[in-house]
Amino acid sequence: MASIIPRAGFRALTALPRATPLPRVSFSQLPRALPRLQPLSRRFLATIPQEQPRLRLGSTAPNFKATTTHGEIDFHEFIGNSWAILFSHPADFTPVCTTELGAFAKLKDEFEKRGVKMIGLSANDLGSHDKWIDDINEVANTNVQFPIIADADRKVAFLYDMVDQRDLDNIAEKGIPFTIRSVFIIDPEKKIRLTMLYPASTGRNSAEVLRVIDSLQTADRKGVATPINWNVGEDVIVPPSVSTEDAKKKFGEVRELKPYLRYTKY
């Protein structure tokens, strides 16, 4: 080193104050050494699976057991031979969530006509849910009858990827993240047929959820597709896989706008 650094420079380097060594921290001291990481956050981090389920359309909805306002459930057993809607909410006693739960509760009869079970999820415990339901019923003048999952530790929320990446990135500072507004429509075969993801600031459209249920069920029964803004009773689209000749045999009248765009009566 002396041949590379001049002697005066070497003396200056050796005269610099030495850095104070960092204190040694044992594993038993980690909770005190990391005061920002709250116990619930550490437990949440421990529940994160190494492999995140791939929630693609057509994939099997992950099963889980959970505590709900209607008791303990096995999710797949809850669905049974019905369709199901699983929708999440960031927290109890929040304004947007309260309006949403009230709107879904009012559509209970419509969903039941279509053989659809509803189940909600909120990132709070069961005691909080019971009190919040009283508020929802009062504000919306309704009667919430579907179960709401208690997911304070976010096990189901993470299983279904119902979290915002920004919250996960800042978990050590902000603590365990709340859930975003997710909607999963699941068919009787337990396959995911449709997903919707909304930020916490944006309320959903309950009528749109009902509309897509109609579209999915119509497509399954009739072997058709539905155009934009379609509602029950309007013309449907003949899929490209069906020839016009076969479509006429199957559906009767076929209205052709283009060889690939053909309508028929619902």
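- Atom CD1 of Ile79 and atom NZ of Lys190 lie 6.0 Å apart (nearest 0.5 Å).
- Ile185 and Ile192 are assigned to two separate hydrophobic clusters, defined by single-linkage of ILVMFWY side chains at heavy-atom distances under 4.5 Å.
- With a 4.5 Å cut-off on side-chain heavy atoms, Phe93 and Ser128 count as touching.
- Ile119 places a side-chain heavy atom less than 4.5 Å from the side chain of Phe75.
- Once rounded to the nearest 0.5 Å, the distance linking NZ of Lys65 with CD1 of Ile73 reads 9.5 Å.
- Of the N and O atoms on the side chains of Asn231 and Asp214, not one donor lies less than 3.5 Å from an acceptor on the other residue.
- Side chain of Ser215 to backbone of Thr226: no donor-acceptor contact under 3.5 angstrom is found.
- Centroid-to-centroid, the aromatic rings of Phe184 and Phe87 stay 6.0 Å apart or farther.
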Side-chain polar contacts of residues 130-148 - donor-acceptor pairs under 3.5 angstrom, sequence neighbours left out - could you list them?
from	atom 1	to	atom 2	distance (Å)
Trp132	NE1	Thr98	OG1	3.0
Asn137	OD1	Val144	N	2.8
Asn137	ND2	Ile133	O	3.4

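- A search for side-chain contact (heavy atoms from CB on, under 4.5 Å) contacts involving Glu110 returns Leu107, Lys113, Arg114, Leu210, not counting sequence neighbours.
- Annotation: the span from Thr244 atom OG1 to Lys249 atom NZ amounts to 12.0 Å, rounded to 0.5 Å.
- No side-chain heavy atom of Arg262 sits less than 4.5 Å from a side-chain heavy atom of Ile237.
- No side-chain donor-acceptor contact under 3.5 Å links Thr94 to the backbone of Val96.
- Scanning all heavy atoms of the two residues, the minimum distance from Ser182 to Arg204 falls at O-NH1, 2.9 Å.
- Side-chain contact between Arg193 and Leu57 is absent, with no heavy atoms from C-beta onward closer than 4.5 Å.
- Side chains of Lys191 and Thr60: a donor-acceptor N/O pair is present below 3.5 angstrom, by distance only.
- For Lys222, there are no salt bridge (charged side-chain N to carboxylate O under 4.0 Å, His left out) partners, not counting sequence neighbours.
- At least one side-chain heavy atom of Met196 sits under 4.5 Å from a side-chain heavy atom of Val212.
- Here Trp83 contributes atom CH2 and Ile213 contributes atom CD1; the two are 6.0 Å apart, rounded to the nearest 0.5 Å.
- Not counting sequence neighbours, Lys250 has no partner by the salt bridge (charged side-chain N to carboxylate O under 4.0 Å, His left out) test.
- For the residue pair Asp246 and Ser243, a side-chain donor N or O sits within less than 3.5 Å of a side-chain acceptor on the partner.
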message: Pair Val163, Ile180 - check side chain to side chain contact (heavy atoms under 4.5 Å, CB included), show working.
response: CA-CA 6 Å; Val163 290; Ile180 59 174; 5.9 Å; no
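- Within the 4.5 Å cutoff, no side-chain heavy atoms of Phe64 are placed close to those of His76.
- Hydrophobic cluster membership differs between Leu121 and Phe111, with clusters built from Ile, Leu, Val, Met, Phe, Trp and Tyr side chains linked at under 4.5 angstrom.
- Distance check: Asn81 CG to Asp187 CG gives 11.0 Å after rounding to the nearest 0.5 Å.
- In this structure a side-chain-to-backbone donor-acceptor pair under 3.5 Å is present from Asp151 to Val156.
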- request: Determine, stepwise, if the pair His129 / Asn124 fulfils side-chain hydrogen bond (donor to acceptor under 3.5 Å, both in side chains).
  value: CA-CA 7 Å; His129 284 0; Asn124 294 94; 5.3 Å; no
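- Inter-residue side-chain proximity for Tyr266 and Val232 is flagged as met; some heavy-atom pair is nearer than 4.5 Å.
- One hydrophobic cluster, built from ILVMFWY side chains closer than 4.5 Å, holds both Leu159 and Leu55.
- Using a 4.5 Å heavy-atom threshold, the side chains of Thr67 and Ile149 count as separate.
- With Arg181 contributing its side chain and His89 its backbone, the two residues share no donor-acceptor pair below 3.5 Å.
- By the 6.0 Å contact criterion, CZ on Arg56 is open, its count of non-hydrogen atoms from other residues, nucleotides or ligands being 12 or less.
- Between the Arg154 side chain and the Ala152 main chain, a donor and an acceptor come within less than 3.5 Å of each other.
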field: Verdict with supporting geometry, Val238 and Tyr263, side chain to side chain contact (heavy atoms under 4.5 Å, CB included)
entry: CA-CA 6 Å; Val238 177; Tyr263 286 89; over 6 Å; no
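- Between Arg54 atom CZ and Asp161 atom CG the span is 11.5 Å, to the nearest 0.5 Å.
- For Lys265, the side-chain contact (heavy atoms from CB on, under 4.5 Å) partners at least two apart in sequence or on another chain are Asp235.
- The ring pair (Phe, Tyr, Trp, His ring centres under 6.0 Å) analysis of residues 186-229, with sequence neighbours excluded, yields no pairs.
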